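Small disclaimer: the values here were computed from a predicted structure and weren't measured.
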Amino acid sequence: NVYLEHAAKIIRHDMHSGINTYIPRGIKSLKRRLTEEQIKKLKIGSPLKLVEDGLHHARKVYAGVYEFTNLFKTNAQMACEECNIKDILEDYLKLTAYKNQVLLNDNLPTNLLVNEPLFCTAIDNFIRNGLKYNDSKTKFVKIYTEEIRHVGEVICIEDNGRGLTGEEFKELSKPYVRKEDQKEQGTGLGLNISISILKEHGYSIWAEKQKQGTKIIINTTL
């Protein structure tokens with residue numbers, strides 16, 4: 001853990017310098033040097049927007065790295081704040097190639113206590129898995145809130161992929177475990193890390209196989 005904490009500090013420092021200092025300064029400097037006429041003439045408005053969008057996404061990723069590596073600190077405590085879940089997921093997903101394949105319901109919690117970067121990272125992994133291990137012509141993932149008797153209100157992440165039983169979900173949540181006949185590449189760590197993040201929040205999580213696809217259920221009642 002001592003070595004991991006030291007490595008985390010080095011990684012965070014190098015990422016922070018580029019993402020939060022040098023690149024933003026470069027963009028501002030470039031904008032100052034170009035007039036509106038030059039931008040219009042050179043038609044570089046779109047590339048500039050692309051760079052700015054890329055920076056926004058990189059900052060989101062860096063925030064996740066920062067918070068995740070914080071967990072390696074001695075006596076670490078995860079920082080949380082009340083968040084509108086639909087809003088933070090929309091912002092996280094807006095620059096991804098698969099944003100239109102994710103359906104976010106309006107009934108998602110509006111004041112759930114979460115660590116935004118880590119929570120979004122975990123949910124994004126479930127989304128990508130639901131789209132990746134999916135043979136449907138039209139792939140999608142739905143995220144919504146549902147009331148379960150004797151449990152209460154839960155967040156559901158439902159896809160139309162190949163489907164996992166509860167037992168398969170438990171088995172695949174172990175580190176480095178993957179299905180033997182799985183043709184897609186992967187490390188076998190993504191699911192384990194995502195579940196660990198949610199458990200760090202104090203949430204419980206399980207999965208149910210549907211007629212088509214998997215429903216992942218997150219109980220946020222502490």
| query | Between the side chain of N219 and the main-chain N/O of S204, is any donor-acceptor distance below 3.5 Å? | reply | no
| task | Would you check, one step at a time, whether the test side chain to side chain contact (heavy atoms under 4.5 Å, CB included) holds for S194 with T121? | result | CA-CA 7 Å; S194 298; T121 297; 6.0 Å; no
| query | So how far is it from N125 CG to C120 SG, rounded to the nearest 0.5 Å? | reply | 13.0 Å
| message | Would the distance check show the side chain of H201 and the main-chain N or O of I197 forming a donor-acceptor pair, the cut-off being under 3.5 Å? | response | yes
| query | When clusters are formed by joining ILVMFWY residues with side-chain heavy atoms under 4.5 Å apart, either directly or through shared neighbours, do Y22 and L55 land in the same one? | reply | no
| field | Ion pair check, E146 and K215, cut-off under 4.0 Å | value | yes
| For the student: nearest non-hydrogen atoms of T214 and L164, plus distance | OG1-N, 2.7 Å
| said: So N105 and K142, do their side chains get closer than 4.5 Å, heavy atoms only? | reply: no
| field | Beyond-backbone contact of N20 with Y62, side-chain heavy atoms, under 4.5 angstrom | value | yes
| message | Would a single hydrophobic cluster contain both L95 and V61, if residues Ile, Leu, Val, Met, Phe, Trp and Tyr are joined by side-chain heavy-atom contacts under 4.5 Å? | response | no
| N/O donor-acceptor pair under 3.5 Å between S29 side chain and G26 backbone | no
| Measuring from E200:CD to Q77:CD, what's the distance to the nearest 0.5 Å? | 10.0 Å
| task | Output the distance between atom CG (N100) and atom CG (L103), rounded to the nearest 0.5 Å. | result | 9.5 Å
| message | Taking the side chain as everything from C-beta on, heavy atoms only, tell me whether I127 gets closer than 4.5 Å to L93. | response | yes
| request: Report the C-alpha separation of T145 and I85 in whole Å, then their side-chain angles, then the decisive distance to 0.1 Å, and conclude whether the side chain to side chain contact (heavy atoms under 4.5 Å, CB included) test is met. | output: CA-CA 11 Å; T145 297; I85 299 305; over 6 Å; no
| request: Treating Ile, Leu, Val, Met, Phe, Trp and Tyr as nodes and any side-chain heavy-atom pair under 4.5 angstrom as an edge, say whether V114 and L198 lie in one connected cluster. | output: yes
| message | Keeping N192 on the side-chain end and S173 on the backbone end, is there a donor-acceptor pair under 3.5 Å? | response | yes
| remark: Shortest non-hydrogen pair, L131 vs K139, comes out as O-CD, 3.4 Å
| query | Looking only at atom types and distance, does a side-chain atom of K99 sit under 3.5 Å from a main-chain N or O of K94, one as donor and one as acceptor? | reply | yes
| said: Just checking H56: does its NE2 atom have more than 12 heavy atoms from other residues, nucleotides or ligands closer to it than 6.0 angstrom? | reply: yes
| task | Heavy atoms only: give me the nearest L118-G64 pair and the separation to one decimal. | result | CD2-O, 3.7 Å
| Distance in Å, F126 CZ paired with I205 CD1, rounded so as to fall on 0.5 Å steps | 3.5 Å
| field | Salt bridge present between K60 and E116 (N-O < 4.0 angstrom) | value | yes
| field | Under 3.5 Å donor-acceptor, N160 side chain and F140 backbone | value | yes
| query | Out of curiosity, does F169 fall in the hydrophobic cluster containing V151 (side-chain heavy atoms, cut-off under 4.5 Å, transitive links)? | reply | no
| query | What is the minimum heavy-atom distance between G130 and D159, and which atoms define it? | reply | CA-OD2, 3.5 Å
| task | Measure the spacing between CD1 of I216 and CD1 of I195 and express it to the nearest 0.5 Å. | result | 7.5 Å
| request: Please assess L112 against I155 for the test side chain to side chain contact (heavy atoms under 4.5 Å, CB included), listing each intermediate value before the final yes or no. | output: CA-CA 11 Å; L112 188 62; I155 295 175; 4.0 Å; yes
| request: Give a yes or no on whether E147 atom CD has more than 12 heavy-atom contacts from other residues, nucleotides or ligands under 6.0 Å away. | output: yes
| field | Closest contact, heavy atoms only, L104 versus K86 | value | O-CE, 3.7 Å
| said: To check you understand the geometry: which heavy-atom pair defines the closest contact between E171 and K174, and what is its length? | reply: OE1-NZ, 3.0 Å
| query | What's the verdict on side chain to side chain contact (heavy atoms under 4.5 Å, CB included) for Y203 and V154, showing C-alpha distance, side-chain angles and the deciding distance? | reply | CA-CA 10 Å; Y203 303 158; V154 298; over 6 Å; no
| Atom pair CD/CD1 of E158 and I217 - distance to nearest 0.5 Å | 9.5 Å
| query | Can K31 and E52 be said to form a salt bridge (charged side-chain N to carboxylate O under 4.0 Å, His left out), step by step? | reply | CA-CA 11 Å; K31 282 185 170 181; E52 289 175 327; 2.3 Å; yes
| Y144 and Y98: same hydrophobic cluster, using ILVMFWY side-chain contacts below 4.5 Å? | no
